[in-house]
Colleague: 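Dumping the structure here so I can ask a few things about it.
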Amino acid sequence: MFKNPICVALDTPDPSQAAATARLLKNDIGLVKVGMELFYRSGRPGYEQVAAQGVPLFLDLKLHDIPNTVAQGLTSLMSLSPAPAIVNVHASGGPAMLEAAAKAVDGKARLIAVTILTSLSDADIHASGFDPRSGTAATAVKLAQLSKQSGLDGVVCSPRDIAAIKAACGSDFLTVVPGVRPAGADVQDQKRIATPRQARADGADILVIGRPITQAENPVTAAAAIAAELGT
Ligand code: C5P
């Protein structure tokens, strides 16, 4: 699918810095991830500066609106050049929105869904109006199933939810997993973490890794060490 499962979260609003990191790492990773901080600041030109480095790009904008607006938003994103390899929406937008999103993307990129943000606790999702009888894990599986039924390719999920989502949605349903830390690395603000090897053994398809690579003394060595640990 990609050169390897490592997706480096660039997490900077500065397109020149993001492009430089993408260029530096391009031979050792599978993808880069660019988010709203960069896209809202510099839009299409900023995006294209990064995408021009030739690394497949996950454009992490998490669309969430009525079906028509999300479909039109995704149609605009599909006209980016080169098009992103992965785009995403919030699964809680509902079946009609997810179906409209899948139709708009039409196989031009992988379309994945955010189920329950891992920053939310059981109490938070209750406060947000979700069924208090299901916790975050069960709700994430339910939203993953809805995403699959609506024609999406996969979900973003925590290392802890990979097995349940694969069991419910099948092994072909993509799991894109943040919270990955090489053994001995600084955990920083992540809570539910797994090593790259554990996450892959549990079935993760793509590992989203930011600071352990971007803030390493030598990012190329750090990425290559993770790739070697994965045997890719
Ligand atoms: O630096 P670090 O490896 O923690 O970066 C992880 C990336 O994954 C960041 O872009 C973060 O926003 C993202 N992410 C996450 N947890 C989620 C969803 C996305 O850490 N549940």
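Residue indices begin at 1 and follow the sequence shown. Just so it is clear, the structure is predicted and the values come from calculations on it, not from any experiment.
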Colleague: Quick check for you: to the nearest 0.5 Å, what is the distance between Cys169 atom SG and Asp153 atom CG?
Modeller: 12.0 Å

Colleague: Quick check on Arg197: does its CZ atom have over 12 non-hydrogen neighbours (other residues, nucleotides or ligands) under 6.0 Å away?
Modeller: no

Colleague: On a heavy-atom basis, which atom in Thr214 and which in Ala9 lie closest, and how many Å separate them?
Modeller: CG2-O, 3.8 Å

Colleague: Please report the closest heavy-atom contact between Val156 and Thr115, naming both atoms and the distance.
Modeller: O-OG1, 3.9 Å

Colleague: Enumerate the ring pair (Phe, Tyr, Trp, His ring centres under 6.0 Å) contacts for residues 68-104, please, sequence neighbours excluded, ordered by first and then second residue.
Modeller: His64-His90

Colleague: Which value, rounded to the nearest 0.5 Å, describes the distance between Cys7 atom SG and Ile29 atom CD1?
Modeller: 7.5 Å

Colleague: Show the numbers, then the answer: is there a side chain to side chain donor-acceptor pair (under 3.5 Å) between Ser76 and Arg44?
Modeller: CA-CA 10 Å; Ser76 293; Arg44 185 173 287 259; 6.0 Å; no

Colleague: Can you confirm whether the side chains of Gln49 and Ser16 place a donor and an acceptor under 3.5 Å from each other?
Modeller: yes

Colleague: Would you mind checking if Asp161 and Lys166 are paired as a salt bridge, meaning a charged N to carboxylate O distance below 4.0 Å?
Modeller: no

Colleague: Using a strict threshold of under 4.0 Å (side-chain N to carboxylate O), is an ion pair present between Lys62 and Asp60?
Modeller: yes

Colleague: Could you tell me whether the side chain of Asn88 and the main chain of Ala113 form a donor-acceptor pair under 3.5 Å?
Modeller: no

Colleague: To the nearest 0.5 Å, what is the distance between NZ (Lys26) and CG (Leu31)?
Modeller: 13.5 Å

Colleague: Looking at Lys148 and Phe173, would you say the former's side chain and the latter's main chain have a donor-acceptor pair under 3.5 Å?
Modeller: no

Colleague: Quick check: closest heavy atoms across Tyr47 and Pro84, and the distance to 0.1 Å?
Modeller: OH-N, 3.0 Å

Colleague: Does Asn4 reach the main-chain N or O of Gly30 with its side chain, forming a donor-acceptor pair under 3.5 Å?
Modeller: yes

Colleague: Side chain of Asp202, backbone of Ala163: donor and acceptor closer than 3.5 Å?
Modeller: no

Colleague: Count the heavy atoms belonging to other residues, nucleotides or ligands that lie under 6.0 Å from NZ of Lys142, then report whether that count exceeds 12.
Modeller: no

Colleague: Using a 3.5 Å distance criterion without hydrogens, assess whether the side chain of Asp205 forms a donor-acceptor pair with backbone atoms of Pro5.
Modeller: no

Colleague: Minimum heavy-atom separation for Gln198 to Ala194, with atom names?
Modeller: OE1-CA, 3.2 Å

Colleague: Any side-chain to backbone donor/acceptor pair from Thr21 onto Gln17? Under 3.5 Å, distance only.
Modeller: yes

Colleague: Evaluate the side-chain proximity of Ser81 to Glu48: yes if any heavy-atom separation is below 4.5 Å, no if none is.
Modeller: yes

Colleague: Ignoring hydrogens and angles, tell me if any N or O in the side chain of Thr175 forms a donor-acceptor pair with the backbone of Ile165 under 3.5 Å.
Modeller: no

Colleague: Side chain of Lys33, backbone of Val208: donor and acceptor closer than 3.5 Å?
Modeller: no

Colleague: To the closest 0.5 Å, what do you measure between CD (Gln215) and CG (Asp186)?
Modeller: 9.0 Å

